[in-house]
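Just so it is clear, the values below take in all heavy atoms, side chains as well, and ignore hydrogens, waters and symmetry mates. Residue numbering restarts at 1 for every chain, and letters A, B, ... go by the order of the sequence lines.
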Amino acid sequence: MVVKKQERESLVHERYLRHQKKFPHVWCAGCGIGIVMGAIVRAVDAVGLSNDEVAMISGIGCSGRMPVYVDFNTMHTTHGRALAFATGLKMVRPEMKVIVVMGDGDALAIGGNHFIHAARRNIGLTAIIINNNVYGMTGGQYSPTTPTHAYATTAPYGNIEQPFPICQLAEAAGAAFVARSTVYHARELSRFITQAIQKEGFSVVEAVSYCHTTYGRINKLGSAVEMMRRLKENGVSQRAFERLPEEERADKIVRGVFVDRDIPEYTQLYDQIIARAQQAVAA
Amino acid sequence: MSERYEVRLAGKGGQGMILAGIILAEAAILDGKNVTQTQSYGPEARGGASRSEVVISDGEIDYPKVTQADVLLCMSQEACDRYCHDLKEHGLLIADSVHVERTPDNLAVEVPLTRWAEETTGRQITASVVALGFLVGLTGLVSRQAMEAAVKARAPKGTAEINLKALAVGFEQAERLLSSRRGR
Amino acid sequence: MTARLMQGDEACAEGAIAAGCRFFAGYPITPATDIAEVLARRLPQVGGKFIQMEDEIASMAAIIGASVGGAKAMTATSGPGFSLMQENIGYACMAEIPCVVVNVQRTGPSTGLPTSPSQGDVMQARWGTHGDHPIIVLSPFSVREAFDLTVRAFNMAEKYRTPVILLMDEMIGHMREKVELPPPETIEVVERVITSVPPEWYKAYENTPSDVPPMISFGQGYRYHITGLFHDERGFPTQRLDEIDPWIARVFRKIERNLRDILIYETDQVEDAEVVVIAYGATARSARHAVRLAREQGLRVGFLRLSTIWPFPERIVAEVAERIHRVIVPEMNLGQLALEVERVVGRRKVIRVGKANGEMIAPREILDAIGRG
């Protein structure tokens with residue numbers, strides 16, 4: 001029997017969301033986080049994973065609430081520490097697919113150290129960083145990805161700090177897979193997350209989103225629709241970006257898979273440690 | 001309260017004071033005694049003050065630290081200056097004359113432990129084991145057999161032989177000293 | 001098993017293995033590093049896993065994650081690291097995740113004296129994380145007890161679904177002592193209560209008659225939610241008072257109704273005593289030494305040694321204090337558990353013997369306090 005695309009879509013939601021329990025969600029109308037959640041469950045479906053073999057771990061912030069809505073093994077941890085909790089879980093349950101959802105403040109400010117070290121270890125976690133350039137839940141303070149000169153409630157005269165380039169940071173720290181897309185390019189985002197989940201090793205997907213409620217309002221960027229349109233216009237593929245003249249590059253968001261490399265995964269290496277230790281005892 | 005015997009081994013980091021304390025403690029266990037071994041040291045792995053304390057008793061040991069040492073081994077001048085006052089009256093003070101110039105007590109046994117070690121094994125680091133042999137030889141604190149077994153068990157790989165040699169020299173020198181005193 | 005010389009930290013690590021610990025995450029810190037070193041070697045031998053995390057915050061997080069995955073899990077640290085762990089210790093309290101946190105106390109505050117003992121973290125162990133919560137804190141006084149209490153810590157953690165803190169001190173952690181470990185088959189090891197209901201009936205935070213809801217690890221077909229927010233019986237966030245209040249009542253009740261199991265202490269010669277010394281950890285050794293010396297002098301002195309310091313064993317303290325004039329509380333701080341003793345013994349005189357300079361309290365100092373009228 002052929003299931004129509006639309007029907008299949010509704011089955012995905014039926015299957016992976018805790019629809020009867022916890023909706024409506026906490027996110028503002030027009031927020032991009034729901035799109036990321038949709039992209040994740042479609043990716044899980046595309047990989048063909050059962051609900052039971054997936055764990056979703058989050059930190060604190062708007063993104064931190066996502067695990068409530070998905071019908072996986074879910075854990076909403078402390079601010080910035082999601083990757084560290086996930087590391088412990090992955091160590092004892094290496095067969096599980098562990099997806100870690102974080103915001104930019106969560107992953108890169110308070111959790112920045114855990115982020116680079118999870119990448120350095122190349123432990124088999126999938127980190128989804130929803131980048132909206134701001135602390136949304138607490139009301140619009142500047143984050144480690146707020147652009148220089150942008151305004152925030154804690155940068156009333158403009159931000160004088162530089163934003164972290166998330167993907168380059170992940171690459172330099174040792175991640176096996178690094179990609180970026182936007183919540184406008186939802187299908188592509190889902191495809192990248194599919195690849196990330198299938199990757200053995202530490203995989204990072206930066207999902208560029210927006211916060212019209214705080215950042216958009218403070219910086220006069222318009223409604224959610226306006227901000228979404230900006231993602232559509234500024235989100236360019238790597239190839240298109242390279243063809244752009246220098247002066248047109250500034251505001252562009254480069255989409256694509258930047259890193260896809262084979263590095264031994266941490267829990268698999270640890271199995272070798274166990275074998276070595278047990279051999280030593282037997283000898 | 002049953003008899004406590006308190007030993008303090010003091011020197012500099014890197015001289016093997018803590019390992020010496022462990023060896024002495026393990027020998028005491030082999031002799032069926034109760035024992036505690038504690039230590040104190042500075043942040044530096046080499047060169048700072050280092051002290052190891054061993055309390056040996058037939059009964060239970062509550063307080064694990066030295067209250068008044070029965071034996072004090074000093075492998076540095078600083079250790080000697082600092083700890084000689086905590087020695088029990090008629091306690092035994094052994095000072096390595098290679099490292100300690102002044103001792104406060106003319107009853108101190110000043111002997112060139114480090115030189116004996118160098119002459120016997122060619123390695124200064126074995127001075128702590130020479131010291132143990134000498135200390136146990138003078139006091140009879142634990143059996144020689146137990147000391148030899150403990151040294152063998154704790155010596156780094158491939159060094160059991162030279163450490164046993166070092167231990168033996170310590171015992172010999174103690175025996176020589178005792179017989180000279182008996183002869184007097 | 002034969003007698004051998006063993007360090008307190010090593011005994012703690014071996015106790016963990018004996019208790020079934022199969023995951024350790026930690027960060028190097030004097031004087032707890034030895035525990036990590038032993039477990040880095042020992043855990044893979046028994047099929048367990050060790051990881052050195054990037055800091056103590058991550059270490060605490062990782063053991064919670066591992067426990068949720070079904071492993072008995074532990075971390076070990078000292079003062080500065082213990083401070084960093086506090087937020088996630090609170091998470092373990094809120095989410096009722098079994099785990100063991102070892103704090104080998106060194107002298108603080110701040111970096112203090114890294115290689116010197118202290119009992120300065122007694123109140124931090126009780127109140128270090130924010131918010132109201134019960135906590136179990138055990139404190140060993142010997143190398144053998146470091147082994148025994150580590151096993152007990154795991155047993156209590158699993159039995160009551162709670163973090164348990166093993167509050168050692170540098171003296172016990174680094175001291176070597178003759179010890180005979182119990183044969184493995186004689187060691188009581190408790191496993192966590194696993195649910196027997198099908199997934200659709202399972203409530204991870206159900207108000208069960210035992211007050212300890214059965215737990216199930218991730219990946220077993222029970223897809224539930226864990227959060228540091230106040231939550232309903234299924235684990236989902238709530239702000240409803242009729243869900244928050246029962247939770248608070250239950251987590252306190254599950255500890256209070258099991259005090260007989262949780263409170264570990266030892267009394268010695270308190271029957272005819274006029275003065276009682278109350279001590280714990282390394283200081284209990286000086287105290288017992290002092291009590292023996294006092295008895296030799298014909299003084300009627302008793303001794304109460306606490307292995308469980310939180311929940312504070314107030315009934316036994318009140319009981320031994322009832323017939324006496326004076327209580328002496330020596331501790332390597334300037335009066336922390338003494339505050340609890342003062343609270344419990346009413347108008348009886350409490351003499352604190354405190355020291356926070358990295359020196360162990362000598363028997364003589366306690367003896368002086370006993371002699372002081």
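Ranked by non-hydrogen atom pairs under 4.5 Å with chain A, the options E87(C), Q45(C), M94(C), R22(C) are led by Q45(C). Per-residue counts of heavy-atom pairs under 4.5 Å with chain C were compared for T74(A), N51(A), V92(A); the largest is that of T74(A). Ranking S67(C), G47(C), A71(C), P237(C) against chain A, the residue ahead of the rest is G47(C), based on heavy-atom pairs under 4.5 Å. Contact count against chain A (heavy-atom pairs under 4.5 Å) is highest for A62(C) among A62(C), S59(C), P199(C). Counting heavy-atom pairs under 4.5 Å between each of T87(A), I57(A), T78(A), T267(A) and chain C puts T78(A) at the top.
Relative orientation of the H79(A) and Y135(A) rings is perpendicular, given thresholds of 30° and 60° on the angle between their planes. Aromatic ring orientation, H76(A) versus H225(C): parallel (interplanar angle below 30°, classes split at 30° and 60°).
A salt bridge links K72(C) with E191(C): at least one charged nitrogen is closer than 4.0 Å to a carboxylate oxygen. Ion pair R223(C)/D52(A) flagged as a salt bridge, since at least one NZ, NE, NH1 or NH2 atom sits closer than 4.0 Å to an Asp/Glu carboxylate oxygen. Salt-bridge check for R121(A) with E265(A): failed, with every basic side-chain N at 4.0 Å or more from each acidic carboxylate O.
In this structure, the portions of F50(C) lying under 4.5 Å from any heavy atom of chain A include both its backbone and its side chain. At a 4.5 Å heavy-atom cutoff, the contact between F23(C) and chain A is made by side-chain atoms alone. For R276(A), no part lies near chain C; criterion is any non-hydrogen pair under 4.5 Å. For A55(A), the part lying near chain C is the side chain, with the backbone staying farther off; criterion is any non-hydrogen pair under 4.5 Å. Looking at R93(A), only its side chain comes within 4.5 Å of chain C, counting heavy atoms on both sides. The part of Y270(A) that comes within reach of chain C is its side chain, from C-beta onward, which places non-hydrogen atoms under 4.5 angstrom from that chain. At a 4.5 Å heavy-atom cutoff, R120(A) makes no contact with chain C through either its backbone or its side chain. Of the atoms belonging to V281(A), it is side-chain heavy atoms, and not backbone ones, that fall under 4.5 Å from chain C. Residue M96(A) touches chain C through its side chain alone, counting heavy-atom pairs closer than 4.5 Å.
Between G48(A) and E53(A), the shortest heavy-atom distance links the atoms O-OE2, 4.4 Å.
Between the R18(A) side chain and the V70(A) main chain, a donor and an acceptor come within less than 3.5 Å of each other.
Cation-pi contact between R161(C) and Y205(C): present, with separation from the ring centre below 6.0 Å and deviation from the ring axis of at most 45°.
Considering only heavy atoms from C-beta on, I130(A) comes within 4.5 Å of M66(A) through its side chain.
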